[in-house]
> 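So that we are looking at the same thing, I have put the structure below in structure tokens.
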Amino acid sequence: MQLQGKGARVAPGPPNQPRRAPQPLLLGRSSAPAPVSRRGALGSSATRPQDHAALAGFSRPATLLKAQEPDHAESPSAVIGRLKPIYRDANFPTDAQGRTYHLGTREGEVAPRILSVGTVTRAQLVATLLQPPAPGRQLFQRVSSRGFHTITGRFEGVPVSIVSTHMGMPNMDFVVRENRAVVRGQMAIVRLGTCGAVQHPAKLGDLLVASHGSIAVRRDADYWSLLERDEHQPSARTANGGGSSNGHTANGHAANGHGPAPAAPDVCFVEGPSALAGRRPYSVSLPVRSDPYLASILVEAAAAVVGPGRVVQGLTASADSFYSSQGRTGPEFDDANEGLLGALTKAHPDLMSLEMETFHLMDLARCSKGSIRATGICVALAERYSNEFMEYSKLPALELAGGTAALRALAGVPLREATGEELAAAAAKGVQYVWE
Ligand code: R1P
């Protein structure tokens, strides 16, 4: 799908511009969602031998280790620098304790209300707002071998988890799917990130709530592949021999002798009998929607924390890179992205921010058969329109402000509880909840 115009928005009646948020939207959703679809039973025949010799502290040959490997039920769980367990089920790997492959958590350790943050330091900072999950206990904390941190406690009495998600949509995929697998009943997930503000009224230090949903911006490598193919068929690419070696020119005009390219200069396509045939360097998805009620209480909570003048609602764009797909330019690479930001704000006047994860969170929530409610809030760390970057020392206070708002929204959103059947299955498995 290519850069496209407005008209396909699903969100209920958003305005055309990012806007300040003096009041909650009051777009409540009361209908019960469809039952949660659970994965099949664990324990397929697919076991995977581990080469433990490569891990720190083990110098014995892998063959010897395999022979001495303890029964999987006693294998230690996935923590940094330790022996890894045996995983079962190549389709959705978990260890004998039911711990997921990348996040390393199991049922009972993750609350149905999850705050997804980009960094470990943000997770630890926002976790200072939590109380212990149960009297006499510490906050539950787990670090997976892949560096995902999960912290579970209570916020205003409600069990919540904070998960450091790292960067990009693939990491969001791990976080959403693996947490979905270890939580029963409906879930709510809010992403608290940082972002670049792309236009007014969003400005440095504001809290930007993606209540209009998200689009995805992806670099299409085929564009350059097809350019290369055209290089080998020059007669197919250009009729007059003009233009740059890569098929597009500095002024945004098509290099095929067919006149100016369309208004968006990132759209540097070559027309005519060319392998490129109109392919564009970036694809932009249709919007996916935010959970309207969750977003509305998040806006309300954020406005209560920092004041309504510091909260903006609108659309966010999640890019598949920090650089090219967010319109950052430089001489080292041919990214053909000089006009990307302008094209995005032209096609989506309510676009307020660029970041890298919210789209995938909302996309998976949309596909979760009603089992996940999701939205996102970001601190505007940069202004792309002025090229200003916020003083970094101001970030922790804003992370705490956004974290407070997000935790309040998570604690306040109604969720369908696990069914009796689901709870019975958990009891049969001997699941112990860290917040009980
Ligand atoms: C890029 O620097 C990272 O910062 C933003 C982007 O989405 C990307 O993950 O969010 P976080 O601060 O949550 O990581």
> Between R191 and T165, do the side chains contain a donor N or O and an acceptor N or O under 3.5 Å apart?
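No donor-acceptor contact under 3.5 Å links the two side chains.
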> Classify the side-chain pair D320/S325 by whether it contains a donor and acceptor separated by less than 3.5 Å.
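Yes, S325 and D320 have a side-chain donor paired with an acceptor closer than 3.5 Å.
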> Are more than 12 heavy atoms, taken from residues, nucleotides or ligands other than Y323, located less than 6.0 Å from that residue's OH atom?
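Not more than 12 within 6.0 Å, no.
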> So how far is it from R366 CZ to F359 CZ, rounded to the nearest 0.5 Å?
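One gets 6.0 Å once the value is rounded to the nearest 0.5 Å.
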> Exactly one of I377, V209, V305 should register a side-chain contact (heavy atoms from CB on, under 4.5 Å) with V311. Which one does?
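The option that passes is V209.
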> Above 12 or not: heavy atoms from other molecules or residues under 6.0 Å from CD of E156?
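Correct, the count exceeds 12.
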> Name the residue from R180, Q186, R416 that meets the side chain to side chain donor-acceptor pair (under 3.5 Å) definition with S371.
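Running side chain to side chain donor-acceptor pair (under 3.5 Å) over R180, Q186, R416 with S371 returns exactly one hit, R180.
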> Can a salt bridge be assigned to the pair R106 and D95 using a cut-off of 4.0 Å between side-chain N and carboxylate O?
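The answer is no: the pair does not qualify as a salt bridge.
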> Using the salt bridge (Lys or Arg N to Asp or Glu O under 4.0 Å) rule, collect all pairs that involve residues 384-403, keeping only residues at least two apart or in two chains.
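Those involving residues 384-403 are R122-E399.
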> Would you check if Y282 and S324 make a side-chain contact, meaning some heavy-atom pair closer than 4.5 Å?
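Yes. Closest side-chain heavy atoms under 4.5 Å.
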> Considering residues at least two apart in sequence or located in another chain, which fulfil the ring pair (Phe, Tyr, Trp, His ring centres under 6.0 Å) criterion with F389?
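With sequence neighbours excluded, F389 shows a ring pair (Phe, Tyr, Trp, His ring centres under 6.0 Å) to no residue whatsoever.
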> Nearest 0.5 Å, what's the CZ-CG distance between R328 and L340?
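So the gap between those two atoms works out to 11.5 Å.
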> Show the numbers, then the answer: is there a salt bridge (charged side-chain N to carboxylate O under 4.0 Å, His left out) between R408 and E300?
CA-CA 10 Å; R408 274 193 194 140; E300 189 177 17; over 6 Å; no
> Crowded around E417 CD? As in, over 12 foreign heavy atoms under 6.0 Å?
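No - once you tally the heavy atoms of other residues, nucleotides and ligands closer than 6.0 Å, there are 12 at most.
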> What about the rings of F148 and H102, do their centers lie closer together than 6.0 Å?
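No - the distance between ring centres of F148 and H102 does not fall below the 6.0 Å cut-off.
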> Side chains of F140 and S161: does their closest heavy-atom pair fall under 4.5 Å?
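A side-chain contact under 4.5 Å is absent here.
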> Give a yes-or-no answer on whether the side chains of E355 and S318 include a donor-acceptor pair shorter than 3.5 Å.
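On atom types as modelled, these side chains qualify, holding a pair under 3.5 Å.
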> Counting only heavy atoms from other residues, nucleotides and ligands, does the tally under 6.0 Å from CE of M167 exceed 12?
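Incorrect, the count does not exceed 12.
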> Between the side chains of S214 and T316, is a donor N or O closer than 3.5 angstrom to an acceptor N or O?
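The criterion, which ignores hydrogens and geometry beyond distance, is not satisfied for T316 and S214.
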